[in-house]
Asks: 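My questions all concern the structure below.
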Amino acid sequence: MGTVAVIGEETRVRGFGLAGAVVCAADTPAAVRAAWAELPGNVRLVILTRAAAAAVPDRGDRLVAVMP
């Protein structure tokens with residue numbers, strides 16, 4: 001079973017930790033790319049804010065959902 005990670009602005013992602021997701025607060029494109037690169041190998045779903053999605057154009061084989 002895989003893990004869920006959430007990347008984006010802190011105010012939009014912090015609550016996901018209560019549901020057991022790996023939360024990566026990242027407020028700049030560089031921080032988003034660094035958080036993406038450091039995701040654990042067992043992460044199967046990554047939820048991104050719109051700003052974070054714009055910073056990670058190549059998402060590889062992970063399932064990605066972008067917040068509205």
Side-chain angles (χ1 to χ4, degrees):
M1 181 180 236
T3 300
V4 175
V6 185
I7 302 174
E9 305 87 276
E10 183 177 1
T11 57
R12 301 208 52 214
V13 301
R14 65 178 163 209
F16 286 90
L18 296 171
V22 174
V23 175
C24 304
D27 293 320
T28 66
V32 169
R33 288 188 291 274
W36 183 272
E38 295 172 7
L39 286 173
N42 65 337
V43 170
R44 296 293 175 248
L45 169 64
V46 183
I47 301 171
L48 300 168
T49 62
R50 284 185 189 225
V56 185
D58 180 17
R59 299 179 186 149
D61 62 347
R62 287 191 170 118
L63 181 60
V64 173
V66 179
M67 291 183 203

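Position 1 is the first residue of the sequence, and the numbers go up from there. Fair warning: this is a prediction, and the values are worked out from it, not measured in the lab.
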Asks: Search all heavy atoms of Gly8 against all heavy atoms of Ala52 and return the closest pair with its distance.
Replies: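 In this case the closest contact between Gly8 and Ala52 is CA-CB, 4.1 Å.
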Asks: Which pair of heavy atoms, one from Gly17 and one from Val23, lies closest together, and at what distance?
Replies: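 That would be N-CG2, 3.3 Å.
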Asks: Ignoring hydrogens, what is the shortest heavy-atom contact between Ala65 and Leu45? Give both atom names and the distance.
Replies: N-CD1, 4.2 Å
Asks: Measure across Val13 and Ala25 and return the closest heavy-atom pair with its distance rounded to 0.1 Å.
Replies: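 In terms of heavy atoms, the two residues are closest at CG2-CA, 4.2 Å.
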Asks: Are Phe16 and Leu39 in one and the same hydrophobic cluster, where Ile, Leu, Val, Met, Phe, Trp and Tyr link if side-chain heavy atoms are under 4.5 Å apart?
Replies: no
Asks: Does Val32 belong to the same Ile/Leu/Val/Met/Phe/Trp/Tyr cluster as Val46, with side-chain heavy atoms less than 4.5 Å apart forming each link?
Replies: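 Yes; Val46 is reachable from Val32 via cluster members.
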Asks: With side chain to side chain contact (heavy atoms under 4.5 Å, CB included) as the criterion, how do Met67 and Ile47 come out once you've worked through the C-alpha distance, each side chain's angles and the decisive distance to 0.1 Å?
Replies: CA-CA 7 Å; Met67 291 183 203; Ile47 301 171; 3.9 Å; yes
Asks: In terms of hydrophobic clusters joined by side-chain contacts under 4.5 Å, are Leu63 and Val56 together?
Replies: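 Hydrophobic grouping puts Leu63 apart from Val56.
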Asks: Are Val64 and Val6 linked, directly or through intermediate hydrophobic residues, by side-chain heavy-atom contacts shorter than 4.5 Å (ILVMFWY only)?
Replies: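 No, Val6 does not connect to Val64 through the hydrophobic network.
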Asks: To check you understand the geometry: which heavy-atom pair defines the closest contact between Glu9 and Asp27, and what is its length?
Replies: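 Glu9 and Asp27 have their closest heavy atoms at CA-OD1, 3.2 Å.
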Asks: What do you reckon, is CZ of Arg59 surrounded by more than 12 foreign heavy atoms closer than 6.0 Å?
Replies: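 Yes, enclosed.
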Asks: Linking I/L/V/M/F/W/Y whenever their side-chain heavy atoms sit closer than 4.5 Å, directly or via other members, would Trp36 and Val4 fall into one cluster?
Replies: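 No, no single cluster joins them.
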Asks: Restricting to side-chain contact (heavy atoms from CB on, under 4.5 Å), what partner residues turn up for Ala19, sequence neighbours left out?
Replies: none
